[in-house]
Protein chains: 2
Amino acid sequence: MNAITIREVAALAGVSVATASRVLSGNPATSPASRSRVASAAAELDFRPNAQARALRGARTNALGLLVSDVRNPFFADLAHTVEQAAILHGYVTLLGNANERADQQDRYLDTLISRRVDGIILAPVGAGSDSIRSLIAREIPTVFVDRTIAGMDVPSVTTDGTAGIRQAVEHLAVAGHTRIGYISGPQASSTGRDRFAAFTRSVVENGLSADPALVYFGDYQAASGSAGVHALLGLREPPTALLVADSLMAVGAIASLHDRGVRLGVDLAMVAFDDIEWFALLNPALSVISHSVADMGRTAVDLLLQVIDGGTPASVVLPSELIVRASSASSASSATAGAAGTPATPPTAPTASHNSVRTH
Amino acid sequence: MNAITIREVAALAGVSVATASRVLSGNPATSPASRSRVASAAAELDFRPNAQARALRGARTNALGLLVSDVRNPFFADLAHTVEQAAILHGYVTLLGNANERADQQDRYLDTLISRRVDGIILAPVGAGSDSIRSLIAREIPTVFVDRTIAGMDVPSVTTDGTAGIRQAVEHLAVAGHTRIGYISGPQASSTGRDRFAAFTRSVVENGLSADPALVYFGDYQAASGSAGVHALLGLREPPTALLVADSLMAVGAIASLHDRGVRLGVDLAMVAFDDIEWFALLNPALSVISHSVADMGRTAVDLLLQVIDGGTPASVVLPSELIVRASSASSASSATAGAAGTPATPPTAPTASHNSVRTH
DNA sequence: CTGAAAGCGCTTACAG
DNA sequence: CTGAAAGCGCTTACAG
């Protein structure tokens, strides 16, 4: 860890520390001679400027913080990837943090990022707001919310309007004759949890379907709660014949539980999940999903943040969602025998037939 | 960004900067009176010590860097999660970077982490070594390799020995009568790519199976190369009747391609993939996998790194692998009709039958 | 237990 | 174009 300092580079180059600094940071006020001498000295010593010291002088750090609510959620893994790629194009490196859907861990990361003086933070907030988040805003550290927002906080954001996709999904299921649609919801402490639940409730009413509150299970966006939701909903005296699940991780848990119970997707039970994860298309039957563009979300988040860093106050962006129909929602209400396992199966829809969708993909 | 400094805290508390610093960093040489006055002043001003300045003085930064080769690979997403949790237990925050399987991006992150003076780095190296990695070692920055190693670099590491799992897989397929096993390999520039390929080659010989070099396709651990591998292998005049895929992302691409071609897993073609990803158990038929413990790997990596940070020179750790048999590898060689799609299907093995495995899980 | 002072590695007005 | 010097926000011997 005996790091080389600019002093040693300057000495080897035979110039002052100031001149070395100028050359190293690309200041044009340098002679070609000192430029080449400093450059080769730095190369010879494998000099890496101490970012801490540099930042201390008030310069930009060219680092962004991205705090996602759960790295293991493929949606956020994809988001991390697109944010990172977009940031690199603008010369920024992305420090990724994982809140693990826990507010205390989020706050810890936020404090770390604040004290490390990143130039800005892209945050998928967990919970309803915290001192750390308020502190972020109060300090006017450039911040952008992504995927989720926090009520009452005036921060530019990129979110998905799930309404269209959820409405399409409910209609699609209603047309197939389903009247009792189970809903495994995200937590109501998160904006997406609330918004998607509200859209579901509205769509159910619009289509004249059962508004039985027992059809809604409130999960926490983690796989285990998807399993619990299936357990609860299929245990009802009048179980749903179709299931809408508010995110991919809960969908994974739900599917695992359905497998264990011998419930056949698209035969005994129709299912649609929010989030278009690559893997969902590979299931057999393939899973119908409500799709939104994680690539657009990531790129937009970086765009907005760079504007904020440059002193702008960009408007928030809302991205669309849409239903992609695959075989998992092929079953009609009358064919559904959810919970009754073991009946000799009609084979699930063939894979080739599973690609009839609302849009091409 | 007008951050509060310790000077202002000291002023409000009516003590010197030195005393404020002592209180804030838990130095016992402080009076109860100044302790309480500084504490309340800091709270009132929402003071966050500038980590840069603190680090500049030579103290530990309590930050770890974790550089994974691809965040979108569920294996590495899981690894990130376990590393993070283990690090938190020891008071460290983890700065996560994504090399995206590209050496240039890896080097960029490495430079960033070096210049930010993290206390240590856990690295899943991409490629065969680079100046940045050599620089890391030369500077004696505490470093640990995870999952992969680099030949000739004497760095403590945690890796999986894939040999046992791969041998079990090949034997399992040989017992079912398969003589032509296709192998979609990882890149030979990575240690896991080489090791797994070598284990495959050895097992093929040991079991007296076809060593036709056309049965091996060299991919790059990304999904697209799994698709390309299926295309190449099933296009052979004598296609394989079973497929072994060296990582989860290539398996995803392979499965997608097989779907498109109407090849039925576990019926027309047997398949086993390296990496036990939660989703693989949900496929229908469920995918047979070679499993290794990402949790052990993450925890061990943190353990080793902390030892290195404390000046130790811990021995490298090698973790075991094992085969988990599920329905995707149920087909025998005689039942296989790979490439010949469209034959009326016998229904895939029922989910309940898919859980007979070498170990319980 | 406390304060004044030096110094971590850099950058940037300020003179020249 | 260049160098000496001040200073970013903190910590830590050094005296007291």
Side-chain angles (χ1 to χ4, degrees), chain A residues 1-39 41-42 45-63 111-112 114-119 139 141, chain B residues 1-39 41-42 45-63 111-112 114-119 139 141:
Chain A
M1 269 287 213
N2 44 21
I4 304 293
T5 72
I6 199 173
R7 187 179 309 273
E8 302 166 63
V9 174
L12 181 60
V15 299
S16 72
V17 170
T19 296
S21 171
R22 288 196 191 91
V23 171
L24 261 8
S25 55
N27 187 321
T30 48
S31 69
S34 40
R35 242 171 287 164
S36 74
R37 310 189 56 184
V38 170
L45 298 172
D46 190 24
F47 171 69
R48 313 286 172 120
N50 183 325
Q52 323 271 4
R54 195 172 253 181
L56 200 52
R57 284 287 308 167
R60 287 194 181 170
T61 60
N62 285 315
D111 293 347
T112 300
I114 293 176
S115 73
R116 303 209 142 229
R117 304 294 190 265
V118 292
D119 292 338
R139 281 153 193 279
I141 294 170
Chain B
M1 270 287 216
N2 44 21
I4 303 293
T5 72
I6 199 173
R7 187 179 308 274
E8 302 164 64
V9 174
L12 181 59
V15 299
S16 73
V17 170
T19 298
S21 173
R22 289 195 189 91
V23 171
L24 261 10
S25 54
N27 187 322
T30 47
S31 68
S34 39
R35 241 172 288 164
S36 74
R37 308 189 58 186
V38 170
L45 297 172
D46 189 25
F47 170 70
R48 314 283 172 122
N50 183 327
Q52 322 271 4
R54 195 173 252 181
L56 199 53
R57 286 287 307 167
R60 287 195 180 168
T61 59
N62 286 315
D111 292 348
T112 301
I114 293 176
S115 74
R116 303 212 142 226
R117 303 294 190 267
V118 291
D119 292 337
R139 282 154 192 277
I141 293 170

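We name chains A, B, ... by the order of the sequence lines, and we start the count at 1 in each one. From a predicted model like this one, the values you see are computed outputs, not experimental measurements.
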Any luck finding a side-chain donor-acceptor pair between Arg35(A) and Thr30(A) under 3.5 Å?
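Yes, side-chain donor-acceptor contact under 3.5 Å.
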[X] vs [N]: side-chain N/O to OP1/OP2 distance below 4.0 Å:
X        : N       : value
Ser34(B) : dT2(C)  : yes
Ser21(B) : dC10(D) : no
Ser16(A) : dT2(D)  : no
Ser31(A) : dC1(D)  : no
Thr5(A)  : dG9(C)  : no

Protein-nucleotide distance ([X], atom [atom1]; [N], atom [atom2]), rounded to Å:
X         : N       : atom1 : atom2 : answer
Ile114(A) : dG9(D)  : CD1   : P     : 16 Å
Arg54(B)  : dT12(D) : CZ    : P     : 9 Å
Arg48(A)  : dC8(C)  : CZ    : P     : 22 Å
Arg37(A)  : dC1(D)  : CZ    : P     : 16 Å
Arg7(B)   : dA4(C)  : CZ    : P     : 11 Å
Ile6(B)   : dC8(C)  : CD1   : P     : 19 Å
Arg35(A)  : dT2(D)  : CZ    : C1'   : 13 Å
Arg22(B)  : dA15(D) : CZ    : P     : 15 Å

Report the nucleotide, chosen from dC10(D), dC8(C), dT2(D), that has the shortest atom-to-atom distance to any side-chain atom of Leu56(B).
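Out of dC10(D), dC8(C), dT2(D), the nucleotide with an atom closest to Leu56(B)'s side chain is dC8(C).
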Could you check which of dC8(D), dA5(C), dC10(C) has an atom nearest any side-chain atom of Ala18(B)?
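In terms of side-chain proximity for Ala18(B), the closest of dC8(D), dA5(C), dC10(C) is dA5(C).
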What closest approach, in Å, do [X] and [Y] show between heavy atoms, and which atom pair accounts for it?
X        : Y         : result
Ser34(B) : Thr19(B)  : CB-CG2, 3.9 Å
Leu24(B) : Arg54(B)  : O-NH2, 4.4 Å
Ala63(B) : Val118(B) : O-CB, 3.5 Å
Val15(A) : Val38(A)  : CG2-CG2, 3.8 Å

DNA chain D base-pair string [pairs: Watson-Crick or G-U under 3.5 Å; |: paired with another strand]
|||.||||||||.|||
When the C1' atoms of dG16(D) and dT12(D) are considered, how many whole Å apart are they?
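Between the two C1' atoms, the distance is 16 Å.
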So how far is it from Ile6(B) CD1 to Leu45(B) CG, rounded to the nearest 0.5 Å?
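Taking CD1 in Ile6(B) and CG in Leu45(B), the distance rounds to 11.5 Å.
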Is the shortest heavy-atom distance from the side chain of Val9(A) to the side chain of Ile4(A) under 4.5 Å?
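Val9(A) vs Ile4(A): side chains touch.
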